[in-house]
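Worksheet: one structure, shown below.
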Amino acid sequence: MNRNSSEVLPGEYRQTRTIDFVNFSAENVIGLLLTLVLLVGPVLLVLPKHPFNLLFSAKNALFSLIYCLVAFLLMVASMRLQAKLHGFCLYKVCGCPIEYVSMGFYIVACTGRAYVRRNAWLTATIMPAVVWCGLLLAAAFAVSEQWFWVPFLMFLVSLSGWGGKFVGIAIVLTQPADSYLQDDGGTIKVYTNRGA
């Protein structure tokens, strides 16, 4: 552990908030709606310049099948790599053991039982989102038109995968700077200094 994390919560800190992404909560509903917007919005923006007509050509049935298979496998790999990058950032910035939680197709990196400083958690969560999504978006516009949709779909899946975390980030930003967080992948518990 380093100064950004602790195995034991300091005595004057108490839980003041739970951000829930598992049950039917306001945070979860907003996160799901944001995920939908992050999936559909970018498609509507790029569709006029990059029409998705490859799969509708009967001449290219085998190529279309290979294309879809490659795209699917790369999206699954991208989700795994994104979680590993997030876990690496959490480990380096927060200095705590990292846990990986399965959430359907996704795996999510989290700090588990460790208590981490708010700003360290924010840095370790925002950094991989920006880097990974930025790289995938750059790749989409760097490849030929024929392959545009493979990295772009990877970008969409990655971006939408951060939907819940973006809601969590927005809420955590409203908490005091000296707060501690406990992130188990489905909920984020916020602990603030009640002695201050």
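Numbering starts at 1 and runs along the sequence shown. Given the structure is predicted, the values throughout are model-derived calculations rather than measurements.
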Subject >> For V190 against L181, the heavy-atom pair lying closest together >> reply: CG2-CD2, 3.7 Å

**OP:** Say whether, by atom type as modelled, one donor and one acceptor occur between the side chain of T125 and the main chain of L122 under 3.5 angstrom.
**Re:** no

Subject >> Shortest non-hydrogen contact between Y91 and I98, atoms and distance >> reply: N-CD1, 3.6 Å

Original post:
Do Y191 and R14 have a side chain donor and acceptor closer than 3.5 Å?
Top reply: no

**OP:** Indicate the ring-plane relationship of F152 and W149, choosing parallel, tilted or perpendicular according to the 30° and 60° boundaries.
**Re:** perpendicular

Subject >> Distance in Å, K49 NZ paired with F148 CZ, rounded so as to fall on 0.5 Å steps >> reply: 11.0 Å

Original post:
Where do P176 and R118 come nearest, in terms of heavy atoms and distance?
Top reply: O-CD, 3.4 Å

Subject >> Atom of T111, atom of C96 and distance for their closest heavy-atom approach >> reply: CG2-SG, 3.8 Å

Subject >> Atom pair CD1/CG of I66 and L69 - distance to nearest 0.5 Å >> reply: 8.0 Å

Original post:
Rounded to the nearest 0.5 Å, how far apart are CD of E7 and OH of Y115?
Top reply: 10.5 Å

Original post:
Can you check whether Q175's main-chain N or O pairs, donor with acceptor, with S179's side chain at less than 3.5 Å?
Top reply: no

**OP:** Working to the nearest 0.5 Å, report the span between NZ of K189 and OG1 of T18.
**Re:** 6.5 Å

**OP:** Give a yes or no on whether the backbone of L156 and the side-chain of S160 come within a donor-acceptor separation of less than 3.5 Å.
**Re:** yes

Original post:
Is it true that R113 and D183 have a side-chain N and a carboxylate O under 4.0 angstrom from each other?
Top reply: no

Original post:
Between the main-chain N or O of A120 and the side-chain N or O of N4, is there a donor-acceptor pair closer than 3.5 Å?
Top reply: no

